[in-house]
Q: 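Below is the structure I would like to discuss, written out as structure tokens.
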Amino acid sequence: MPELPEVETTRRGIAPHVEHKRITELQVRQPRLRWPVPEQLGQWIQGDQVQSVERRAKYLLLRFARGTLILHLGMSGSLRIQPAGSPAGKHDHVDFILESGQLLRLTDPRRFGAVLWQENGTLHPLLASLGPEPLDNAFDAEYLQACCKGRKTAIKSLIMNAEVVVGVGNIYANEALYRAGINPRRAAGRIAAARLASLVDAIKVVLAQAIEQGGTTLKDFVGGDGKPGYFKQELAVYGRAGEPCLSCGEPLSEVKLGQRSTVFCRQCQR
DNA sequence: CTAAGGACCTGTCGGC
DNA sequence: TGCCGACAGGTCCTTA
């Protein structure tokens, strides 16, 4: 589920149910996620109020008086608000029971997600070397040009590197490169400045649009019925290998790049 | 330092 | 129907 738009959608969905609410109890059924859930987490947050729900990159940050709860959804994670006492399924690993009579439940079949803690006054290593937010003004043409200078790595790998810019996952990397007319395998250092500028624009447009559409998915997602998916979204290339390019009609090509499926149009992307 | 590959884990889907 | 391999929205860590 979680590319940045889904994480932001999740944030918006849970925030009204969680902010300014006290955590009365923590239930960890499966502590073995990407990293172990800290054993003392319950002591640190029980009885304390969530002050705010923020997002940095694909991390959700729940601010408490003494520190920050860091949540990551990995490849298959989701967060839902449910009535307290709802029976837990096989992959419902962690419950945050709220004073409101609801609970915030982390479900994650593949367990690539994470539940971590950052004490006030410290910076968690995972958050230490993140690049700018893609929708932030700090992510602009000049910045991306500087990142690309002298780099031989494929442009797609570069924009998926969180030290360069956060939140660009496989789907939207494919989509943004298509929009910008850039071949995903092109060496980052060998792309003209003007084309990198349009790539910056494409990334912003694609993500902003997806966040807007995520709003539609939101109710299902958080409400707990429907599977979150991209069925509502207009993806030009992702998942369309072999189908005609929407612009020129040429069948879209697929290659592996850094183990990730990469779909593009040989005609339109150079 | 950069770049590429493996690793983590489960579920699903297509082919035989 | 059953089994097996390939693949899936992420990203850290190791290796070259």
Side-chain angles (χ1 to χ4, degrees), chain A residues 1-11 29-37 55-60 70-79 89-94 106-116 124-131 134 146-177 184-190 203 206-207 209-211 213-214 217-218 220-221 226-242 254-263:
Chain A
M1 297 116 229
E3 285 234 17
L4 182 126
E6 284 62 48
V7 178
E8 176 60 22
T9 296
T10 297
R11 187 192 70 74
R29 289 180 208 83
Q30 171 57 278
R32 306 199 55 184
L33 303 182
R34 170 102 198 237
W35 294 278
V37 177
R55 180 187 59 72
R56 172 75 174 108
K58 292 173 188 161
Y59 298 96
L60 287 170
I70 301 173
L71 300 177
H72 196 284
L73 301 178
M75 289 274 256
S76 58
S78 60
L79 284 168
K90 186 177 177 187
H91 302 297
D92 295 339
H93 305 313
V94 181
L106 174 71
T107 307
D108 186 5
R110 291 178 73 179
R111 289 195 274 128
F112 289 170
V115 177
L116 298 166
H124 198 284
L126 288 176
L127 304 179
S129 39
L130 295 175
C147 291
C148 288
K149 197 170 182 184
R151 300 290 294 275
K152 290 182 180 166
T153 195
I155 185 65
K156 178 171 180 242
S157 305
L158 185 129
I159 60 173
M160 290 183 70
N161 178 349
E163 294 188 17
V164 172
V165 57
V166 300
V168 182
N170 196 38
I171 294 177
Y172 298 110
N174 280 303
E175 296 298 317
L177 286 162
R185 291 191 284 195
R186 179 155 217 105
R190 301 195 47 200
I203 289 171
V206 158
L207 288 175
Q209 196 176 294
I211 289 172
Q213 296 185 5
T217 322
L218 174 61
D220 304 10
F221 196 21
K227 283 190 174 179
Y230 296 92
F231 42 86
K232 293 254 175 191
Q233 289 179 11
E234 296 153 26
L235 299 176
V237 286
Y238 183 84
R240 295 194 63 241
E254 179 165 27
V255 296
K256 288 285 174 196
L257 216 162
Q259 334 276 75
R260 312 304 296 277
S261 120
T262 302
V263 186

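A note on names: the letters A, B, ... follow the listed sequences, proteins ahead of strands, and every chain is numbered from 1.
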Q: Which nucleotide in the list dG6(B), dC12(C), dG11(B) gets nearest to the side chain of Q259(A)?
A: dG6(B)
Q: Would you kindly give the CD-to-C1' distance between E163(A) and dA3(B), to the nearest whole Å?
A: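 Answer to the nearest Å: 13 Å.
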Q: Closest approach to the side chain of K58(A), judged atom by atom: which nucleotide of dG11(B), dC9(B), dG10(C) is it?
A: dG10(C)
Q: Hey, which of these two, E254(A) or R260(A), hits DNA chain C nearer its 5' end, going by closest nucleotide?
A: E254(A)
Q: To the nearest Å, how far apart are Q30(A) CD and dC8(B) P?
A: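 These atoms are roughly 16 Å apart.
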Q: With no hydrogens and no angle check, is any side-chain donor or acceptor of Q30(A) less than 3.5 Å from a backbone partner on V94(A)?
A: no
Q: If you measure only the distance, is there a donor-acceptor pair under 3.5 Å linking the side chains of K156(A) and T262(A)?
A: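 Yes, side-chain donor-acceptor contact under 3.5 Å.
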Q: Would you mind pulling out the nucleotide paired to dC9(B), Watson-Crick or G-U wobble, both distances under 3.5 Å?
A: none
Q: For the side chain of K152(A), starting at C-beta, report the closest nucleotide among dC8(B), dG9(C), dA3(B).
A: dA3(B)
Q: Does S76(A) make a side-chain N or O approach to OP1 or OP2 of dG9(C) shorter than 4.0 Å?
A: no
Q: State the pairing partner of dT2(B); accept Watson-Crick or G-U wobble contacts with both distances under 3.5 Å, and report none otherwise.
A: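 Checking every strand shown, dT2(B) finds its partner in dA16(C), with both distances under 3.5 Å.
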Q: If the P atom of dG5(B) is compared with that of dC7(C), how far apart are they to the nearest Å?
A: 15 Å
Q: Hey, which sits more toward the 5' end of DNA chain B by its nearest nucleotide, F112(A) or R151(A)?
A: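 It is R151(A) whose nearest nucleotide is closer to the 5' end.
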Q: Go nucleotide by nucleotide along DNA chain B from the 5' end; which of A154(A) and H91(A) gets its closest nucleotide reached first?
A: A154(A)
Q: Taking only the side-chain heavy atoms of S261(A) (C-beta and beyond), determine which of dG6(B), dC9(B), dA8(C) contains the nearest atom.
A: dA8(C)
Q: Examine dA6(C): is either OP1 or OP2 under 4.0 Å from a nitrogen or oxygen in the side chain of K256(A)? Give yes or no.
A: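 Checking dA6(C) against K256(A), no side-chain N or O comes under 4.0 Å of OP1 or OP2.
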Q: Using the P atom in both, what is the distance from dA6(C) to dG6(B), to the nearest Å?
A: 13 Å
Q: Quiz question: going by heavy-atom distance under 3.5 Å, is there a donor-acceptor pair between the base of dA8(C) and the side chain of R110(A)?
A: yes
Q: Between atom NE2 in H72(A) and atom C1' in dC8(B), what is the gap in whole Å?
A: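 For the pair H72(A) NE2 and dC8(B) C1', the rounded distance is 14 Å.
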Q: Knowing that exactly one of V7(A), L79(A), L116(A) qualifies, which makes a side-chain contact (heavy atoms from CB on, under 4.5 Å) with L71(A)?
A: L79(A)
Q: Rounding to a whole Å, what distance do you find between Y59(A):OH and dG9(C):P?
A: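 One finds 18 Å between P of dG9(C) and OH of Y59(A), rounded.
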Q: Round to the nearest Å and state the distance from M75(A) atom CE to dT12(B) atom P.
A: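 Whole-Å distance recorded here is 15 Å.
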Q: If we take the P atom in both dT14(C) and dC9(B), what is their distance in whole Å?
A: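 About 16 Å, rounded to a whole number of Å.
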Q: Go through the side-chain N and O atoms of E254(A) and S261(A) and say whether any donor and acceptor fall under 3.5 Å apart.
A: yes
Q: In whole Å, I'd like the distance from the CG atom of L127(A) to the P atom of dG10(C).
A: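 After rounding, the gap between these two atoms is 18 Å.
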Q: Roughly how far apart are R240(A) CZ and E175(A) CD, rounded to 0.5 Å?
A: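 Answer for the CZ-CD pair, R240(A) versus E175(A), is 9.0 Å.
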Q: Is a donor on one side and an acceptor on the other found under 3.5 Å between the side chain of H93(A) and the backbone of D108(A)?
A: yes
Q: Is the shortest side-chain N/O distance from R34(A) to OP1 or OP2 of dG10(C) below 4.0 Å?
A: no
